[in-house]
Each structure stands twice: as C-alpha cells, then as structure tokens.
Amino acid sequence: MFEGLKKKLSGITKKLGKSVESASVTTEVEADSSLLKAPAAPSIPEPVEVLETESTISDSTPSPVPSPSFEVETVSPVPAEKPVERPAKAPGFFGKLKTLVVEREFVLSEKDIDETLFELQMVLLESDVAFPVAEAITDHMKKELVGTHRKIRESPEEVVTNALKHAIEDVLGDGFDLVGYIKAHEKPVKILFTGVNGTGKTTSVAKIAYYLQSQGLSVVVGAGDTFRAGAIEQIRVHCDRLGIKLIAHQEGADPSAVLYDTVEYAKAHNIDVVLADSAGRFHNRVNLMNQLEKIKRVMKPDLVFYVDEAVAGNDAVIRAEEFEKTVSTNGVILTKVDMDPKGGAAISIAYTIGKPLVFLGVGQEYSDMKPFTPALIIDEIFGDEE
C-alpha cells in the first residue's frame, strides 16, 4: 500500500532534514565556542600563618580573613598550578559539553523550509490528498518546526519524520471504537451501510459480521439491497459461510420492509447487532436518496456507515463529502486500501467530511477488514521499504 507516496515523502523528509541539520550545526558551533572558554580561575588569598594555640592576631598585622574562634591547623600554601586545572575537571563543564553533543538545538525560520513545504504539498496533491488536507498537513509541519528553539536527541531526518507523522495523525483522527459503542448501547444496535454502487459494500457487511462474531457479539444481517440483481444471493452465500442468520425478501421488494423485519427478528432473539445492507446509490439520484430516507425512518439506525473504495482516490473524498451533505453519516469504511498505491483517500476522507474512519479493507479474506487506527496508515507510509 501507498508505495508511491512512501517514496516521495522519503525524499521530502531527507530534504527538510538537511535544513534542520544546517540550523543545528550553526547553533552547535556558537554554543561550542562559548562553552570552551574556560572560566576564570577563582582568586585565592595569600596564605596566612595561623598560631596553633588560641590567640588573637596583632592589631598591627592586616588580616584578610576573620580570626577563628576555635583551634585550627596551619593551612599549607596551595600550589599555583592547581586552580588552573580545577575548572577543566569540574563536572558542570562536562555536563554542559554532554548537553551540547546529545541535545543540540536548532531554530528554523519559514524561509528555511518554505520551498520544501511547497514541494511536500505538491507531493500530497499528486497522491490524491485533498487540498484542504494537504494544506493542514503543511501548516502543522510549519508550526512544529519553525520559530522555536528545539533540542534534537535524534537525527535531523527523524525530527522531520516525526513532525510529518504528527501532522498526518492529526488529519486522520482517532477512529471509532465500534465494539465499545455496541457494548455501551441498548441491544440490538442497528447499523445501516450505504454508499456508491460497486465499492464492495455487501462484502464489507459480511467481513464486519465476521469481525463482530470474533469479538463475541451475535449478529443478524438484513438483505436490504433488493434493487441490484444477484445482491441477495451474494449476501446469502456469505452468511451461509459464516453461520449468520439472513433476513431476505424477494428481489424488488421494499427494502424498508426487509430491514424492519430484520430488526424485529433481532429483538425477538436477543441479537446484539443488526447489519443492514442497502442498494448502492449516488447522491444525485433523487429516487434512491428518497428511498434511503424512508429506510432510515422505518429502521431507525443507531449508526449509518458510508462505504467507498480507496482506489477511487480524490473522487472517493468528493463523493463522501457530497453524500454527507445529503444523508448524515456516522463513519466511513474504505475498501481496497491494499490496492491503493497513493493513499490520498485514506488520508483525506475523515478530515474532509468530519466523520471518523471505522474500518479499512486490506485484503480478500474475511479477516482482512481491520478496525481503523492511525497506526495502520502511519506504519504503512513510514515503514521500512522492502
């Protein structure tokens, strides 16, 4: 996944790393010159002969130190060369020298990195990252890298890579804990799947049913896609393989009636989750959108998930944005993420519509529908190249 984006970002981080290296070297030299100036040797008074018995010193003899009120021993004169050696051996000096080597500081101006950040924005746009998202990422980078003194305990390239990771994590969001939501809400939890035709919606329903079963939850599926030829048979095959109850009517039936019956079955059999498939539709198909509104009124879903495919790139982001304006959703499922060399949709879609990524489809097996976490994408983009 994301092979093209990974290579392009590697070049950008190396270039920005050189800017950090340049800034940190200048700071190091300046700090080095100040540290290597040995502090002036402390002044030591001339040795004074002190009597071994209690007495006072004659008034006619000037005294640089107060008279002791107790018996002291004669102090031997300190050799002249000793004070010069002490500052060089003092722990404080070497402590500062260690800080210089291990914790170099750098400070960057916008001018230092503006050109490279512009290149980064172009790389993101070429990888189908939506413009507002590319802009948010570069702005985050600028805030993290510019204008403040920063200590670096790792290589300059690592400093830049970490800043880029933080920026992408920020636009990806935290995801959505579906299992936690289900366990915290009254059963059955009703989930409606909708989105564009041909994006893997029906298969995603089956994969998520498998995932929820693996988490100890009981599931029933409603075959609400009565419009597409073969859709009912497709979901039936999946449910038979998984041992999951399917509620279905004949092709062309009212999907609202099918999903109403599915909810009633779940209530009667104490099922935890209802997964409701529906026909694929575009936001500008008025009759299908009206049908979806009717489904929502009858079924009263707790959650509506929008399904699209990552390989559609920026088109998927635009469709999700337009769909969100028409029918409010609670989260996004992206399919075919493993087939997407760019990664733009995966990075952009949650930030663009303001709704979390819930699942990523990363393969053909039932187990290849993964609950979204930022690490799924971050590790893929910044992982070691084979």
Side-chain angles (χ1 to χ4, degrees), residues 175-195 200-228 230-251 253-280 291-307 327-333 335 355-361 365-372:
F176 182 82
D177 180 9
L178 179 58
V179 173
Y181 178 94
I182 292 168
K183 290 181 176 179
H185 286 75
E186 184 181 351
K187 311 302 185 293
V189 171
K190 305 176 292 292
I191 305 173
L192 175 64
F193 294 78
T194 189
K201 179 166 43 57
T202 298
T203 304
S204 295
V205 171
K207 289 179 177 180
I208 292 169
Y210 172 85
Y211 169 74
L212 294 176
Q213 279 188 320
S214 74
Q215 301 298 306
L217 297 168
S218 55
V219 179
V220 61
V221 174
D225 184 356
T226 60
F227 180 78
R228 180 170 61 92
I232 297 172
E233 197 56 37
Q234 181 186 2
I235 193 66
R236 189 188 304 280
V237 169
H238 286 304
C239 288
D240 288 346
R241 289 175 181 170
L242 297 172
I244 292 174
K245 177 67 176 178
L246 176 70
I247 305 298
H249 293 185
Q250 71 275 15
E251 185 177 325
D254 183 353
S256 301
V258 177
L259 299 180
Y260 176 84
D261 288 349
T262 308
V263 172
E264 292 303 304
Y265 178 91
K267 290 177 179 177
H269 293 81
N270 297 315
I271 302 295
D272 295 319
V273 188
V274 171
L275 301 182
D277 194 11
S278 70
Q291 184 188 74
L292 184 58
E293 284 297 330
K294 181 181 177 182
I295 290 171
K296 291 177 69 176
R297 287 197 309 271
V298 172
M299 180 190 171
K300 296 181 173 60
D302 299 292
L303 298 169
V304 178
F305 289 156
Y306 174 81
V307 182
V327 179
S328 180
T329 60
N330 302 103
V332 178
I333 296 165
T335 64
K355 298 297 170 66
L357 276 167
V358 186
F359 285 96
L360 299 179
E365 303 298 324
Y366 288 122
S367 58
D368 288 333
M369 183 62 74
K370 304 295 184 184
F372 168 78

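Throughout, residue positions are numbered sequentially from 1 according to the sequence presented. What you see below is based on every heavy atom in this structure, not just the backbone, and it leaves out hydrogens, waters and symmetry mates.
When each of D277, I247, V298, L192 is paired with L259, the side-chain contact (heavy atoms from CB on, under 4.5 Å) condition holds for L192 and for no other. For the ring-ring contact (aromatic ring centres under 6.0 Å, His included) with F359, the lone residue among F372, Y306, Y211 that qualifies is Y211.
Taking the salt bridge (Lys or Arg N to Asp or Glu O under 4.0 Å) definition, one finds that K294 meets it with D254, sequence neighbours left out. Annotation: side chain to side chain donor-acceptor pair (under 3.5 Å) contacts of R236 (sequence neighbours excluded): none.
To the nearest 0.5 Å, atoms CG (D272) and CG (L212) are separated by 9.0 Å.
For residues 258-267, the salt bridge (charged side-chain N to carboxylate O under 4.0 Å, His left out) pairs, not counting sequence neighbours, are E264-K267.
Enclosure of atom OH in Y181 by more than 12 non-hydrogen atoms of other residues, nucleotides or ligands within 6.0 angstrom is indicated. Open room surrounds OH on Y260; 12 or fewer heavy atoms of other groups in view lie less than 6.0 Å from it. A 6.0 Å sphere centred on NZ of K370 holds more than 12 heavy atoms belonging to other residues, nucleotides or ligands.
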Stepwise, does the side chain to side chain contact (heavy atoms under 4.5 Å, CB included) test hold for I182 with K187? CA-CA 8 Å; I182 292 168; K187 311 302 185 293; 4.0 Å; yes
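For the pair V358/I208, no side-chain contact is recorded, criterion being any heavy-atom separation below 4.5 Å from C-beta on. In this structure, the side chains of L242 and V221 stay at 4.5 Å or more apart for every pair of heavy atoms.
A ring-centre distance under 6.0 Å is not found for Y210 and H238.
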